[in-house]
Structure formats: structure tokens, C-alpha cells
Amino acid sequence: MFIYLNSKLVPSAEAKVSVFDHGFLYGDGIYETMRVYDGVVFLIDEHLKRLRRSASLIGLDIPKNDADIKGAVYDTLMANSFNDAYVRLTVSRGYGDIGLDPDLCKEPTFIVIAEKFKPYPRSYYEAGIRLIIAAVRRNLKQALDPQIKSLNFLNNILAKIEAKRTDANEAVMLNAAGHLAEGTVSNVFFVKDSVLCTPSVECGILDGITRTLVTGLAVKNGIHVWEGEFTPEYLYSASEVFITNSTMEIMPVNSVDAVHFKIGETAKLLLTKYRQEVNAYVREKKGEAPSLWE
Ligand code: PLP
């Protein structure tokens, strides 16, 4: 397998980063996760825009323009002959002496990892997955804003450990005020009284690219959307629940803690519409993306 490291592709065994990299020492860096369908990176421009927003929020200059980054991503996919894949773009503060001062690092470390896409079990989409509400709260946005998709993921990992302890697939975190925030790697949606509800960005969440697409698709299809502040009781009394992210798309939920839910029509409809959107995007962009099979 080949990894893109800084300015070139290297075999994965040679893809090594210094122990003095501030990404390793302090979680000082940012990343994006994207899904590749039929050789096309879905919504790459939106992901690059969010990568730059994260970079700007931590005062990091990415030493590459968008065309260079897209080139690196497609070079990595082609080197590995991956057509349906998962891509992770990481930019850390880089190598520097020990110490928090970002100026200790002269050059960010830039990494593209691609992996063949491993589909989630079909049963997840058919029967739904299990969620818990975690005891650990989402980072306070005034402390470490969840809109920064940072390499420091311990907050989410602590919630994931809680989910694993109870055999749940995902944990939803509340914010410091006790309102729903988001999953460890996902955004949360639920339907109540025919309204599609999801925590607003003000609740302290990452504004998922899938979340934005899904709310837009809901509105286009005549579904009323409410982005607001919700207590867990609101979620418990929903008629259906689902979560979203770039790799799982729209995943139905069959239980949150001890409360059970039916797989609802809204998630099914939106997943169909989502996949139509993906197909249209792939058809449109296919000519632009270098073919893996030339
Ligand atoms: N929230 C968090 C904390 C995440 O890590 C992710 C994705 O990894 C999401 C939400 C969903 O974001 P997206 O839809 O852009 O993949």
C-alpha cells in the first residue's frame, strides 16, 4: 500500500513521522475523512473548505493549494488502484522541538492515507444500530470548538469507550448544558411529530458535510427541518432516529439506551435520495477525476 507523505508517495512501511511531530506530541493538527465512489472523491471541495477552516482556527498554514491537495489524493488512489475507498487527509503542525509554541515547527506534515472501502454490515442499514448517551460531555466550544476537526480526539474516544462497554455502536454526547450535541464520529437526527430534528451548530458540534446535504435533501423533499437545542428526553420520545457521516451515509438507529425505535420511512427515503445525489455527483465529476483504469 502507498501513502502520500509530504510531497511523495511512499510504501506504507516507509511512511514514518518523527516522534517530535507536534501532531504526535500534542494532537496539534487537523484532518478530514472522505469517501470515494467509483474513483470520484465525494464532495472533495467541501472537505477541503472545512480542512482550511480547521487550519485557520488553529493558525496553521497548509503549504499546498487545493489543486495540489486534490492531486495528492488522486495520486494516492491511483497508486493503490482503489476505486471505492476511504481517504484520510491529515495535516499536523509538523516536526519541532518539545514545547507548545507552534513556531517551533517549520513545516507542517501532510499525509494522505487511502484504504479500500469496507462496507458496513447490511444488517446495520436493515435493522439499525445501537446508541447510548455517554456520560462524558462534548468539549465546550469555548474551550476546544468541535468545528475544528482536530487530531485531538480524546473527548470522542472516551465516549466511544463507554459505547463499547455496553456493546453499543455509537455514543451520543451532550454539551455542557445537557443538550444533545453529536456522536463520536457522526451527527444525530430524529423525527418527532413529523419534523426532522437535529442539534444546531450552536450546540457545539462539527457541522458534518453529510448533515448539510441531508438537511438540504429533507427540505427539497418537503420534510420540515428543525435545527435547535434538544434534551435527551426529546430524543427518547422520537418516532425514528438516525446518524450520519461521510462513510456510513445515513444509518438508522434501533435503540438509544433502553428506548427502542422502528426503522423509519424518513431515514429510508433520505438514504435513497442521498445515493441518487452520490450517483449524480459521480456521473458529473467522472470526467474531471483521473481514471484509475487508463
Ligand atoms: N461529528 C464528528 C465528531 C465527526 O468526527 C464526524 C465525522 O467524522 C461527523 C460529525 C460527521 O461529519 P461528516 O458528515 O462531514 O463526515
Side-chain angles (χ1 to χ4, degrees), residues 27 29-37 41-55 57-58 73 85-91 113-115 117-118 120 129 131-134 136-141 143-163 169-176 179-190 196 198-218 225 227 230 241-253 267 270-271 273-275 277-278 281:
I30 52 172
Y31 80 100
E32 279 296 318
T33 296
M34 296 168 273
R35 190 161 158 191
V36 183
Y37 298 90
V41 184
F42 189 50
L43 300 179
I44 191 167
D45 290 321
E46 285 76 356
H47 283 281
L48 293 188
K49 200 166 158 207
R50 190 169 67 185
L51 184 78
R52 293 208 185 271
R53 183 185 72 190
S54 296
L57 288 168
I58 68 163
V73 167
Y86 152 103
V87 174
R88 179 179 157 127
L89 206 59
T90 305
V91 189
I113 301 174
E115 275 183 356
F117 183 69
K118 291 183 217 79
Y120 291 88
I129 59 165
L131 302 191
I132 57 153
I133 294 188
V136 69
R137 296 293 171 99
R138 187 70 176 117
N139 282 333
L140 197 65
K141 68 176 179 202
L144 179 55
D145 192 341
Q147 288 213 299
I148 305 168
K149 201 162 163 57
S150 93
L151 296 187
N152 191 324
F153 240 50
L154 263 183
N155 180 211
N156 312 45
I157 291 167
L158 291 175
K160 178 70 181 177
I161 289 169
E162 288 186 48
N169 305 87
E170 172 64 310
V172 177
M173 290 173 279
L174 306 179
N175 63 19
H179 295 125
L180 297 169
E182 62 183 335
T184 65
V185 289
S186 62
N187 291 114
V188 182
F189 287 83
F190 58 96
L196 182 61
T198 194
S200 65
V201 172
E202 288 68 40
C203 292
I205 60 165
L206 179 73
D207 45 345
I209 286 163
T210 321
R211 174 185 178 278
T212 304
L213 180 54
V214 166
T215 49
L217 287 173
V225 176
E227 295 183 45
F230 305 101
V241 181
F242 60 86
I243 60 173
T244 63
N245 79 16
S246 299
T247 49
M248 63 175 70
E249 305 168 329
I250 297 171
M251 182 76 81
V253 168
L270 289 172
L271 184 56
K273 298 288 173 194
Y274 188 90
R275 293 204 168 140
E277 202 72 21
V278 169
Y281 183 93

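Counting starts at 1 for both ligands and their atoms, in listed order.
Ring centroids of Y281 and Y37 are separated by 6.0 Å or more, keeping the two rings apart.
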Put together the list of close N/O pairs, under 3.5 Å, between ligand 1 and the protein, could you?
from     : atom 1 : to   : atom 2 : distance (Å)
ligand 1 : 1 (N)  : E182 : OE1    : 2.6
ligand 1 : 5 (O)  : K149 : NZ     : 3.4
ligand 1 : 8 (O)  : K149 : NZ     : 3.0
ligand 1 : 14 (O) : I209 : N      : 3.3
ligand 1 : 14 (O) : T210 : N      : 3.0
ligand 1 : 14 (O) : T210 : OG1    : 2.6
ligand 1 : 15 (O) : R50  : NH1    : 2.8
ligand 1 : 15 (O) : R50  : NH2    : 2.9
ligand 1 : 15 (O) : I209 : N      : 2.8
ligand 1 : 16 (O) : S246 : N      : 2.9
ligand 1 : 16 (O) : S246 : OG     : 2.7

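With respect to the salt-bridge test (charged N to carboxylate O, under 4.0 angstrom), the residues E32 and K149 do not qualify.
A search for side chain to side chain donor-acceptor pair (under 3.5 Å) contacts involving E277 returns nothing, not counting sequence neighbours. Legend: residues meeting salt bridge (Lys or Arg N to Asp or Glu O under 4.0 Å) with E46, ordered by chain and number and at least two apart, are absent. Taking Q147 as the reference, D207 meet the side chain to side chain donor-acceptor pair (under 3.5 Å) condition, with sequence neighbours excluded.
Between V253 and the options V172, N169, V241, a side-chain contact (heavy atoms from CB on, under 4.5 Å) holds for only V241.
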